[in-house]
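Here is the structure we will look at.
Nothing fancy with the numbering, it's 1 onward along the sequence.
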Amino acid sequence: MTDSRFIPETHLDRVLVDRDRIAARVDELGRQIAETYRDQDLTIMAVLTGSMIFLADLIRRIPLMMHIDVVSISSYPGRSTTTRGPRWLLPISTDLKDRNVLVIDDILDSGLTLQAMLSAVRAMEPASLRSCVLLRKERPDLETRFEPDFVGFDIPNEFVVGYGLDFDNLYRNVPEICLLSEHATGEQA
Ligand code: IMP
Ligand code: MG
């Protein structure tokens with residue numbers, strides 16, 4: 001038998017959000033954001049790597065003049081599915097003073113990544129600061145959490161991959177948002 005490099009079906013438990021629902025929601029978010037910034041200059045600051053596909057789809061749904069920049073923050077080093085706190089890999093390189101900044105990230109879990117990003121932007125004295133995440137995990141165990149201005153989907157507190165989100169830097173190219181199975185994490189009995 002040949003050892004193929006296709007993603008094994010057993011690695012993904014089930015599709016949580018399919019392509020059509022993602023596309024429809026990204027359209028709506030684009031419309032809301034365009035309406036919010038219709039009279040302002042907009043600077044998008046995306047948090048890589050997880051937001052790369054969301055960013056690429058979203059910006060093409062916002063027909064405004066905009067600047068786009070990226071930072072890179074790692075929250076889940078290697079094969080972990082619990083955050084160890086954000087680590088900056090690529091810091092902010094644009095002067096954001098007096099800009100209207102919209103921070104884009106893939107998913108809000110503990111909120112630590114977005115908080116780190118927002119405080120770094122705030123220190124640069126932007127004219128306004130908002131945030132947008134594709135996914136927000138339900139975390140009833142947290143007493144307080146920063147809440148973004150724009151949210152794509154609320155999802156259960158489970159580890160998801162696909163549409164840019166990874167486990168151990170894998171599965172980002174899966175087109176849907178899927179639950180990762182224990183066969184992928186090596187946690188199966
Ligand atoms: P937080 O700092 O706990 O809010 O985690 C946010 C960051 O961790 C996100 O930017 C993601 O990169 C990553 N992350 C959180 N949950 C997941 C998940 O279920 N799958 C993949 N990455 C995740
Ligand atoms: Mg991230």
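- Between the side chains of Asp106 and Tyr163, not a single donor N or O lies within less than 3.5 Å of an accepting N or O.
- Looking at Val15 and Ile177, their side chains never come closer than 4.5 Å, going by heavy atoms from C-beta outward.
- Here the OG atom belonging to Ser74 is positioned 12.5 Å from the CH2 atom belonging to Trp88, to the nearest 0.5 angstrom.
- Asp27 pairs by the salt bridge (charged side-chain N to carboxylate O under 4.0 Å, His left out) definition with Arg61, not counting sequence neighbours.
- With rounding to the nearest 0.5 Å, the separation of CG in Asn100 from CE in Met66 is 12.5 Å.
- Checked against salt bridge (charged side-chain N to carboxylate O under 4.0 Å, His left out), Arg5 has no partners two or more places apart in sequence or in another chain.
- Under the salt bridge (Lys or Arg N to Asp or Glu O under 4.0 Å) criterion, the residue pairs touching residues 149-158 are Arg136-Asp154, with sequence neighbours excluded.
- Side-chain contact between Leu89 and Thr49: absent, with no pair of heavy atoms (C-beta onward) separated by less than 4.5 Å.
- Within the model, atoms CZ of Phe146 and OG of Ser110 stand 13.0 Å from one another, a figure rounded to the nearest 0.5 Å.
- Contact check for Leu42 versus His67: no side-chain heavy atoms found under the 4.5 Å cut-off.
- The minimum heavy-atom distance linking Ser128 with Gln40 is given by the pair OG-OE1, 4.3 Å.
- Cluster annotation: Leu112 and Val103 are assigned to distinct hydrophobic clusters (Ile/Leu/Val/Met/Phe/Trp/Tyr, side-chain heavy-atom contacts under 4.5 Å, transitive).
- With sequence neighbours excluded, the residues forming a side-chain contact (heavy atoms from CB on, under 4.5 Å) with Pro63 are Ala34, listed by chain and number.
- Arg14 pairs by the side-chain contact (heavy atoms from CB on, under 4.5 Å) definition with Leu16, Leu179, not counting sequence neighbours.
- Note that the NE2 atom of His11 and the CG atom of Leu170 stand 9.0 Å from one another [nearest 0.5 Å].
- With rounding to the nearest 0.5 Å, the separation of CD1 in Ile59 from CG in Leu55 is 4.5 Å.
- Of the inter-residue distances, the one linking Leu108 atom CG with Gln115 atom CD reads 9.0 Å to the nearest 0.5 angstrom.
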Next item on the list: Kindly determine whether Phe54 and Ile22 satisfy side-chain contact (heavy atoms from CB on, under 4.5 Å), including the steps that lead there.
Entry: CA-CA 9 Å; Phe54 177 42; Ile22 297 173; over 6 Å; no

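- Residue pairs meeting the salt bridge (Lys or Arg N to Asp or Glu O under 4.0 Å) criterion with at least one member in residues 31-51, sequence neighbours excluded, are Glu35-Arg38.
- Applying the side-chain contact (heavy atoms from CB on, under 4.5 Å) criterion to Asp166, with sequence neighbours excluded, gives Asn169, Arg172.
- Partners of Glu125 according to the salt bridge (charged side-chain N to carboxylate O under 4.0 Å, His left out) rule, which considers only residues two or more places apart in sequence or in another chain, are Lys97.
- Here the shortest heavy-atom pairing between Ser181 and Thr10 reads OG-O, 2.5 Å.
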Notebook entry, point to check: So Leu118 and Ser131, side-chain contact (heavy atoms from CB on, under 4.5 Å) or not? Walk me through it.
Noted result: CA-CA 8 Å; Leu118 293 174; Ser131 55; 4.3 Å; yes

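- Looking at Val71 and Pro91, their side chains never come closer than 4.5 Å, going by heavy atoms from C-beta outward.
- For the pair Val161 and Leu12, the minimum side-chain heavy-atom distance is below 4.5 Å.
- Contact record, Ser75 with Thr113: OG-OG1, 2.9 Å, taken as the closest heavy-atom pair.
- Contact check for Ile104 versus Met45: no side-chain heavy atoms found under the 4.5 Å cut-off.
- Both tests pass for Arg130 against the ring of Tyr37: distance under 6.0 Å to the centre and angle within 45° of the axis.
- With sequence neighbours left out, Phe159 forms a ring-ring contact (aromatic ring centres under 6.0 Å, His included) with Tyr76.
- Looking only at side-chain heavy atoms (C-beta outward), Thr43 and Leu102 stay at 4.5 Å or farther from each other.
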Notebook entry, point to check: Taking it one step at a time, do Met124 and Ile92 satisfy side-chain contact (heavy atoms from CB on, under 4.5 Å)?
Noted result: CA-CA 10 Å; Met124 300 179 88; Ile92 301 173; 3.7 Å; yes

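- Met117 and Leu142 end up in different hydrophobic clusters when Ile, Leu, Val, Met, Phe, Trp and Tyr side chains are linked at under 4.5 Å.
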Margin query: Before you tell me yes or no, could you show the steps for Ser51 and Asp105 under side-chain hydrogen bond (donor to acceptor under 3.5 Å, both in side chains), namely the whole-Å CA-CA distance, both residues' side-chain angles and the distance that decides it to 0.1 Å?
Written below: CA-CA 5 Å; Ser51 73; Asp105 203 358; 4.9 Å; no

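- Under the 4.5 Å side-chain criterion, counting only non-hydrogen atoms from C-beta, Cys178 is not in contact with Tyr171.
- Each of Leu134, Ile155, Leu114 was scored for a side chain to side chain contact (heavy atoms under 4.5 Å, CB included) with Ile107, with one residue passing: Ile155.
- For the salt bridge (charged side-chain N to carboxylate O under 4.0 Å, His left out) test, residues two or more places apart in sequence or in another chain that qualify with Asp141 are Arg139.
- Residues passing the side-chain contact (heavy atoms from CB on, under 4.5 Å) test with Pro126 are Val101, Val121, Leu129, sequence neighbours excluded.
- Of the possible polar contacts, one joining the Arg25 side chain to the Gly152 backbone as a donor-acceptor pair under 3.5 Å is found.
- With sequence neighbours excluded, no residue satisfies ring-ring contact (aromatic ring centres under 6.0 Å, His included) with Phe167.
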